[in-house]
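One structure is given below, encoded as structure tokens.
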Amino acid sequence: MLALTVQGTGKATVVLDGLHVRVVGKNAPLAWNVYAMGVGCCGGVEAKSFAVDLDAGRPVTTPKAGQRDFPYEVSESDPEVFYVFADARAHDGGSEWGTAATG
């Protein structure tokens, strides 16, 4: 799971149009599970959950558990927290993460 916190730097609202994933390399899967758990921040902000299959030819984030899809708005006083549950079973590799924002 990847936890992303997005917050504006001023009073203006910024519109997040999407969350895009690009797989930059693929290797044979590891013989063991690799994961790390951490403690996040932003208490009181409801997280939005998305899933992405990194084995897909063109990985696409999809909302989980009844969440709505993009766009979302953020500002200095109104952050958003996104949990991205990335799954890769056929490969081990790196990914690049990015957001599209306007405003």
Side-chain angles (χ1 to χ4, degrees):
M1 180 193 67
L2 174 68
L4 303 170
T5 301
V6 183
Q7 182 175 17
T9 59
K11 293 183 182 191
T13 298
V14 176
V15 177
L16 304 174
D17 294 319
L19 176 66
H20 307 280
V21 178
R22 183 174 70 129
V23 176
V24 296
K26 292 183 179 183
N27 299 307
L30 298 174
W32 60 89
N33 291 328
V34 175
Y35 62 91
M37 298 296 291
V39 177
C41 64
C42 294
V45 177
E46 183 179 330
K48 312 304 188 266
S49 297
F50 290 84
V52 62
D53 179 4
L54 297 178
D55 290 328
R58 185 172 178 228
V60 176
T61 55
T62 55
K64 287 183 67 168
Q67 295 289 324
R68 68 177 175 85
D69 206 352
F70 285 89
Y72 285 94
E73 295 181 354
V74 298
S75 68
E76 185 176 47
S77 63
D78 187 20
E80 289 285 356
V81 176
F82 301 99
Y83 290 156
V84 181
F85 295 86
D87 185 50
R89 296 175 188 265
H91 300 97
D92 173 50
S95 302
E96 289 182 355
W97 300 83
T99 58
T102 59

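Given the structure is predicted, the values throughout are model-derived calculations rather than measurements.
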side-chain contact (heavy atoms from CB on, under 4.5 Å) between Leu4 and Leu19, worked out: CA-CA 11 Å; Leu4 303 170; Leu19 176 66; 4.0 Å; yes
Take Leu16 and Phe82 through the test side-chain contact (heavy atoms from CB on, under 4.5 Å) and record every step on the way to the result. CA-CA 12 Å; Leu16 304 174; Phe82 301 99; 3.7 Å; yes
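- For Glu73, the side chain to side chain contact (heavy atoms under 4.5 Å, CB included) test picks out Thr13, Val15, with sequence neighbours left out.
- Summarising the local packing, CZ of Arg58 is surrounded by 12 or fewer heavy atoms from other residues, nucleotides or ligands at distances under 6.0 Å.
- Residues Gly8 and Val74 approach most closely at N-CG2, 4.2 Å, considering heavy atoms.
- With sequence neighbours excluded, the residues satisfying side chain to side chain contact (heavy atoms under 4.5 Å, CB included) with Ala3 are Tyr83.
- Qualifying ring-ring contact (aromatic ring centres under 6.0 Å, His included) partners for Phe50, counting only residues two or more places apart in sequence or in other chains: Phe70.
- Here Asp87 pairs with Arg89 under the salt bridge (Lys or Arg N to Asp or Glu O under 4.0 Å) rule; sequence neighbours left out.
- Rounded to the nearest 0.5 angstrom, Thr61 OG1 and Asp69 CG are separated by 6.5 Å.
- In the hydrophobic cluster analysis, where Ile, Leu, Val, Met, Phe, Trp and Tyr join through side-chain heavy atoms closer than 4.5 angstrom, Phe85 is grouped apart from Val60.
- Between Ser75 and Ala12 the shortest heavy-atom distance is CB-O, 3.7 Å.
- Here the shortest heavy-atom pairing between Gln7 and Pro79 reads CB-CB, 3.9 Å.
- Note that the NZ atom of Lys48 and the NZ atom of Lys64 stand 15.5 Å from one another [nearest 0.5 Å].
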